[in-house]
Novice: 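Quick one: the structure is below, and I'll ask about it shortly.
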Amino acid sequence: MAVLGIQFVITMMMATILSRIGPHLSLARWLLTSRFAGLARYIQPSDEELRQLAPPPQRDKREKKKARQAEKNGVHSNGIFNIPRNLDFHLDRIPVVVGDLVQLRYYSEYQWLLDFAAYSLITYSLSEVYIYMLPAKAVDEVNLSLVWLILVLGFAFRLLLSLTGQYFEGEEGGERSLVLVMGGAYLLIAMLVLVLDESTLETGLDEAYRSFNASAAAFLENNAGLDSSGPASKLVTKFFIALWCGLIGALFTFPGLRTARMHWDSLKYSESSVRSVLLHLGFVLPLVLTTLWIRPLTRDPLTVKLYKNMNRPLMTEEAFESMRLYLILLTVVYRLFIMPTYLQSYLNLAYHKVSELKQEAGKISNIDLQRLVIRVFYYLCVVTLQYVAPMIMILYLSLLYKTLGGGTWDGSTFPSDDECPVNQAQTMQSETAKSSAESDIGIGELLHSEDTVHAIKDQFSLAWSSFKHIFTPKVFKGLLGFSTWWCCFSWFGSAAIGIAYQTYFSKV
């Protein structure tokens with residue numbers, strides 16, 4: 001297995017472009033400041049403007065005496081004064097520019113995630129073209145684009161953990177309890193889902209478990225002399241998968257609720273019926289993705305059922321898998337297309353909050369009023385991350401599912417999933433043991449050997465071969481396929497709960 005090859009050249013080239021051109025050509029910055037986005041924010045009124053519009057305060061003799069005494073003692077009010085809540089003032093709108101964004105919370109994390117994800121996608125695309133054009137040569141190289149995909153997933157997962165962790169800091173306002181309750185609810189749902197039959201929900205976990213146990217048992221028997229039915233219990237394995245599903249559901253809770261609120265506001269103030277239809281389509285697309293793993297709804301009608309005057313199904317199994325990948329890609333692109341509408345509806349919250357404030361009686365300080373307006377824009381990058389991070393996780397999980405699970409883009413026949421079937425495992429492991437004996441070199445001998453590079457290469461090839469023998473495409477197909485489906489389900493489920501809340505419980 002070669003490490004230095006075309007894959008390595010592609011990786012080094014994209015890493016160089018990312019470090020040199022990335023700061024000047026940023027997708028994340030373009031999505032928020034370009035004409036395509038057209039985002040505009042509201043700016044808070046200045047103290048001078050509020051003083052001019054507010055009526056002069058009426059003080060009695062006691063308050064005037066206190067004010068004069070405070071001035072004599074050098075005590076100042078630090079520019080804080082009260083104004084009527086129903087004060088008639090106007091909020092100005094200005095376009096969102098880069099200079100404003102760099103001061104926002106989580107802007108650097110947002111920019112790094114989006115830009116690195118974009119360059120990772122380019123790296124993966126170039127690698128896929130290379131593998132498609134020169135399959136005989138590419139099979140001898142390590143697919144380094146998978147490392148990029150795994151790093152993107154790690155960054156997105158870490159950011160979701162960080163955003164969710166913010167609700168556990170400070171005083172309890174209900175968010176912490178909501179995250180815990182939703183995590184427990186998703187854990188319960190995952191346990192129910194994992195007991196469903198494969199003929200209903202296409203999880204692929206049972207087949208993945210059988211493949212992993214058979215390969216691992218053969219590997220342990222031939223290399224360690226252990227006679228075992230497998231290293232993992234099925235019940236324990238599914239329990240840990242359920243725990244992971246509960247964690248994902250908890251992390252997707254507030255992104256889904258935020259998306260639902262933006263969707264609700266976009267529809268509420270939308271003046272075009274066409275735009276409303278487009279927004280509804282974008283909201284429903286994750287549900288469509290979820291149904292693609294339910295056999296009676298999608299796979300069986302398209303790949304099994306024979307319709308009238310037809311001698312074969314509408315699709316092959318491989319074509320259906322490819323269609324599923326393209327629909328995931330289409331959903332992500334479409335949701336990015338309608339993202340400016342959602343973000344503008346969020347920025348408009350400043351105007352709506354001020355309008356609600358004007359309906360109230362009493363007074364408010366100038367600092368609290370200005371904070372009410374500027375706080376909306378301050379969390380723009382947090383809201384954007386909550387919108388895009390789940391999409392990035394779903395997209396890159398599906399790409400890993402396609403590559404490691406043996407999928408294709410053109411719907412052609414899959415490579416054999418039985419890369420290491422049990423009846424061939426003994427032969428492969430005996431060959432592995434023989435090559436291991438030939439390349440078993442001690443550290444001292446290795447350092448004085450002229451063939452050090454070849455010895456290291458042989459050791460790496462041995463480890464990589466053993467890894468592929470245990471983690472077969474069936475294992476990756478089951479784990480990554482179920483992970484992709486669960487993320488789609490959690491993504492839509494949390495948003496649907498948010499829409500239900502806005503419909504029945506929200507004042508607006």
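Note that the structure is predicted; figures quoted are calculated from it, not measured.
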Novice: Hydrogens and angles aside, do Tyr186 and Ser494 bring a side-chain donor and acceptor to less than 3.5 Å of each other?
Specialist: yes
Novice: Keeping Tyr110 on the side-chain end and Val383 on the backbone end, is there a donor-acceptor pair under 3.5 Å?
Specialist: no
Novice: Under the ring-ring contact (aromatic ring centres under 6.0 Å, His included) test, which residues partner Tyr42, sequence neighbours left out?
Specialist: Tyr351
Novice: If I compare all heavy atoms of Leu306 with all of Pro313, which pair ends up nearest, and what's the gap?
Specialist: CD2-N, 3.4 Å
Novice: Partners of Asp300 by salt bridge (charged side-chain N to carboxylate O under 4.0 Å, His left out), sequence neighbours excluded?
Specialist: Arg295
Novice: In terms of heavy-atom contacts, does CZ of Phe337 have more than 12 from other residues, nucleotides or ligands at under 6.0 Å?
Specialist: no
Novice: State whether the side chain of Thr203 and the backbone N or O of Phe482 hold a donor-acceptor pair below 3.5 Å, judged by distance alone.
Specialist: no
Novice: Mind checking whether Ile497 and Tyr501 have side chains closer than 4.5 Å, heavy atoms only?
Specialist: no
Novice: Kindly assign one of parallel, tilted or perpendicular to the pair Phe36 and Trp30, based on the angle between their ring planes and the thresholds 30° and 60°.
Specialist: parallel
Novice: Just one of Leu479, Val193, Val475 clears the side-chain contact (heavy atoms from CB on, under 4.5 Å) bar with Leu205, so which one?
Specialist: Leu479
Novice: Counting distance only, does the side-chain N/O of Thr503 pair as donor-acceptor with the main-chain N or O of Ile499 below 3.5 Å?
Specialist: yes
Novice: Please report the shortest heavy-atom distance between Tyr346 and Val376, naming the atom on each side.
Specialist: OH-O, 2.7 Å
Novice: Taking all non-hydrogen atoms of both residues into account, name the closest pair between Leu160 and Pro255 and its distance.
Specialist: CD2-CG, 4.1 Å
Novice: My understanding is that only residues two or more places apart in sequence, or in another chain, count here; which of them pass side-chain hydrogen bond (donor to acceptor under 3.5 Å, both in side chains) with Asn311?
Specialist: none
Novice: Working to the nearest 0.5 angstrom, can you tell me the gap between Leu329 CG and Leu399 CG?
Specialist: 7.5 Å
Novice: Is there a side-chain contact between Leu267 and His280 (heavy atoms, below 4.5 Å)?
Specialist: yes
Novice: Say you draw a straight line from CD1 of Ile392 to CG of Leu149; how long is it, rounded to the nearest 0.5 Å?
Specialist: 12.0 Å
Novice: Testing the basics here: between Ala156 and Ala389, what is the closest heavy-atom pair and its distance to 0.1 Å?
Specialist: CB-O, 4.3 Å
Novice: Measure from NZ or CZ of Arg324 to the centre of the six-membered ring of Trp485 and say whether it is under 6.0 Å with the direction within 45° of the ring axis.
Specialist: no
Novice: To the nearest 0.5 angstrom, please state how far the CZ atom of Arg258 sits from the CG atom of Leu385.
Specialist: 12.5 Å
Novice: Hey, what do you get for CG (Leu32) to SG (Cys381), rounding to the nearest 0.5 Å?
Specialist: 6.0 Å
Novice: For Met310, does the CE atom sit with more than 12 other heavy atoms under 6.0 Å from it, leaving out its own atoms?
Specialist: yes
Novice: Say whether, by atom type as modelled, one donor and one acceptor occur between the side chain of Tyr107 and the main chain of Leu380 under 3.5 angstrom.
Specialist: no
Novice: Heavy-atom count around Arg275 CZ within 6.0 Å, excluding the residue itself: above 12?
Specialist: no
Novice: State which residues pass ring-ring contact (aromatic ring centres under 6.0 Å, His included) with Trp409; sequence neighbours excluded, sorted by chain then number.
Specialist: Tyr326
Novice: Could you check whether any side-chain N or O of Ser34 sits under 3.5 Å from a backbone N or O of Leu31, counting only pairs where one atom can act as donor and the other as acceptor?
Specialist: no
Novice: Please report the shortest heavy-atom distance between Leu194 and Lys238, naming the atom on each side.
Specialist: O-NZ, 2.9 Å
Novice: Are the side chain of Ser211 and the backbone of Glu207 linked by a donor-acceptor contact shorter than 3.5 Å?
Specialist: no
Novice: If every non-hydrogen atom of Pro23 is compared with every non-hydrogen atom of Leu18, which pair is closest and at what distance?
Specialist: CD-O, 3.7 Å
Novice: For Trp491, give me all partners under ring-ring contact (aromatic ring centres under 6.0 Å, His included), at least two apart in sequence or on another chain.
Specialist: none
Novice: Would you say that Gln166 contacts Phe254 through its side chain, given a criterion of any heavy-atom pair below 4.5 Å between the two side chains?
Specialist: no
Novice: Is the CG atom of Leu180 crowded by more than 12 outside heavy atoms at less than 6.0 Å?
Specialist: yes
Novice: With the threshold set at 4.0 Å, does a side-chain nitrogen-carboxylate oxygen contact exist between Asp265 and Arg261?
Specialist: yes
Novice: Determine whether Asn143 and Ser127 make a side-chain contact, defined as any pair of heavy atoms from C-beta on separated by less than 4.5 Å.
Specialist: yes
Novice: Looking at Tyr396 and Ala117, would you say the former's side chain and the latter's main chain have a donor-acceptor pair under 3.5 Å?
Specialist: yes
Novice: With Lys402 as reference, evaluate Glu318, Glu128, Glu321 under the salt bridge (charged side-chain N to carboxylate O under 4.0 Å, His left out) test and give the passing residue.
Specialist: Glu128
Novice: So how far is it from Ser276 OG to His263 NE2, rounded to the nearest 0.5 Å?
Specialist: 8.5 Å
Novice: Would you check if Arg210 and Asp206 make a side-chain contact, meaning some heavy-atom pair closer than 4.5 Å?
Specialist: yes
Novice: Answer yes or no: is there a donor N or O on one side and an acceptor on the other, between the side chain of Glu175 and the main chain of Phe168, under 3.5 Å?
Specialist: no
Novice: Using a 4.5 Å cut-off on heavy atoms from C-beta on, say whether the side chain of Phe252 contacts that of Met182.
Specialist: no
Novice: Heavy atoms, side chains only, cut-off 4.5 Å: are Trp486 and Ser490 in contact?
Specialist: yes
Novice: Let me confirm one number: the OG1-CD distance from Thr384 to Gln111, rounded to the nearest 0.5 Å.
Specialist: 12.5 Å
Novice: Is there a side-chain contact between Leu327 and Leu285 in this structure, where contact means two heavy atoms from C-beta onward sitting under 4.5 Å apart?
Specialist: no
Novice: Counting distance only, does the side-chain N/O of Tyr387 pair as donor-acceptor with the main-chain N or O of Arg335 below 3.5 Å?
Specialist: yes
Novice: Do Arg29 and Asp115 sit within salt-bridge range, that is, some charged N less than 4.0 Å from a carboxylate O?
Specialist: no
Novice: Would you say Trp264's side chain and Gln502's backbone share a donor-acceptor pair under 3.5 angstrom?
Specialist: no
Novice: State whether a side-chain donor-acceptor pair under 3.5 Å links Gln7 with Ser145.
Specialist: no
Novice: Going by the ring pair (Phe, Tyr, Trp, His ring centres under 6.0 Å) test, which pairs reach into residues 140-165, not counting sequence neighbours?
Specialist: Trp112-Phe155, Phe116-Trp148, Phe116-Phe155
